[in-house]
Amino acid sequence: NAGVTQTPKFRVLKTGQSMTLLCAQDMNHEYMYWYRQDPGMGLRLIHYSVGEGTTAKGEVPDGYNVSRLKKQNFLLGLESAAPSQTSVYFCASSYSRQGWDTEAFFGQGTRLTVV
Amino acid sequence: EDKVVQSPLSLVVHEGDTVTLNCSYEVTNFRSLLWYKQEKKAPTFLFMLTSSGIEKKSGRLSSILDKKELFSILNITATQTGDSAVYLCAVVRAGGTSYGKLTFGQGTILTVHP
């Protein structure tokens with residue numbers, strides 16, 4: 001079972017470069033999330049989506065954009081990377097329209113370094 | 001703005017000790033509270049709590065929710081070195097604006113010495 005898959009797993013960017021992180025889930029979940037994790041900061045919500053075609057801002061959205069064109073995919077974009085965006089990024093998904101709650105399932109993370 | 005506060009931020013104990021981790025929250029339209037364990041990679045799920053006063057148990061771990069006082073506790077009895085990890089608490093919103101939003105606390109770092 002694949003669950004939640006993030007690509008890439010590691011990336012080094014130069015300041016000003018752009019990139020897209022891809023999150024894919026095969027559990028037919030409605031909700032998807034992007035978090036960043038920095039030392040001592042827990043998981044901070046960047047953007048989230050409660051369904052195909054919808055997105056909403058989390059706690060730290062600046063410098064990031066997202067899209068959810070297909071239900072199974074949630075893309076996180078960095079238009080002009082900055083060193084402050086060096087972090088570990090986690091994608092998660094949860095909730096099914098079948099009427100039952102699920103816990104959030106996480107991808108394995110993407111370690112991004114901006115130099 | 002949703003708020004999830006965990007305490008203590010870090011805890012050092014010896015094997016065999018019992019620990020209690022706390023999570024308090026302020027969220028509009030509460031749906032559920034989740035506990036996760038994280039060991040250097042993706043968080044792994046421990047418990048989901050939606051109703052007050054019903055204890056969830058898994059081996060040496062247990063958790064309970066108090067929706068009136070807006071907090072949850074995670075207990076670990078007879079701790080082992082393998083329990084060393086960051087424990088994360090999160091809350092999910094139900095209806096209204098921002099439904100489905102999943103907000104985490106800053107985590108409690110637990111270190112268990114032999």
Side-chain angles (χ1 to χ4, degrees), chain A residues 2-6 9-10 23 25 27 29-61 66 68 71 74 88-97 99-111, chain B residues 1-10 21 23-51 56 58 63 65 85-110:
Chain A
V4 180
T5 304
Q6 287 181 234
K9 291 186 175 56
F10 303 95
C23 177
Q25 53 96 2
M27 295 171 282
H29 283 163
E30 299 296 324
Y31 301 169
M32 295 187 76
Y33 309 89
W34 275 108
Y35 294 91
R36 61 176 289 172
Q37 188 170 38
D38 304 296
M41 302 286 286
L43 288 164
R44 291 187 292 169
L45 183 63
I46 304 170
H47 287 281
Y48 67 105
S49 167
V50 296
E52 183 179 314
T54 72
T55 63
K57 293 181 181 180
E59 305 165 67
V60 289
V66 288
R68 184 113 181 257
K71 186 176 181 179
F74 195 30
V88 178
Y89 291 84
F90 286 103
C91 174
S93 73
S94 72
Y95 185 63
S96 166
R97 278 196 190 271
W100 38 269
D101 275 316
T102 73
E103 71 268 27
F105 293 79
F106 282 83
Q108 71 275 44
T110 297
R111 186 172 293 277
Chain B
E1 186 77 32
D2 298 343
K3 210 174 186 184
V4 181
V5 178
Q6 293 185 243
S7 63
L9 292 181
S10 65
L21 309 183
C23 176
S24 64
Y25 63 91
E26 294 174 27
V27 62
T28 307
N29 290 317
F30 173 87
R31 179 185 199 141
S32 59
L33 185 144
L34 309 173
W35 282 99
Y36 285 84
K37 178 182 182 182
Q38 187 177 27
E39 299 170 272
K40 296 189 186 296
K41 44 190 179 184
T44 54
F45 173 72
L46 295 175
F47 298 111
M48 175 187 285
L49 302 155
T50 56
S51 302
K56 295 256 178 134
S58 176
S63 184
L65 174 68
V86 178
Y87 290 84
L88 296 162
C89 168
V91 292
V92 185
R93 277 199 185 203
T97 58
S98 303
Y99 74 94
K101 188 177 180 185
L102 175 62
T103 302
F104 280 83
Q106 70 274 56
T108 294
I109 302 171
L110 175 64

Exercise for review: Check each atom of A:A104 against the heavy atoms of chain B and say whether the ones under 4.5 Å are side chain, backbone, both or neither.
Suggested key: both
Check your understanding: Between B:L34 and A:S94, is any pair of side-chain heavy atoms under 4.5 Å apart?
Key -> no
Check your understanding: Should B:F104 and A:Q37 count as side-chain neighbours, where that means a heavy-atom distance under 4.5 Å?
Key -> no
**Study point:** Sole residue of A:Y31, A:Y33, A:Y48 in side-chain contact (heavy atoms from CB on, under 4.5 Å) with B:K101
**Key:** A:Y48
Point to revise | chain B contacts, top residue of A:V4, A:L43, A:V88 (heavy-atom pairs, under 4.5 Å) | key: A:L43
Review point. If you round to the nearest 0.5 Å, how far is CD of A:E103 from OG1 of B:T44?
Key: 10.5 Å
Point to revise | Atom NZ of A:K57 with >12 non-hydrogen neighbours under 6.0 angstrom | key: no
Check your understanding: Quick one: OH on A:Y95 to CG on B:L102, what's the gap to the nearest 0.5 Å?
Key -> 14.5 Å
Exercise for review: Please tell me if the side chains of A:F106 and B:Q38 come closer than 4.5 Å, counting only heavy atoms from C-beta onward.
Suggested key: no
**Study point:** Which atoms of B:F47 approach chain A - backbone, side chain, both or neither, heavy atom under 4.5 Å
**Key:** neither
Point to revise | Contact summary for B:A42 and A:F90, nearest pair of heavy atoms | key: CA-CE2, 3.6 Å
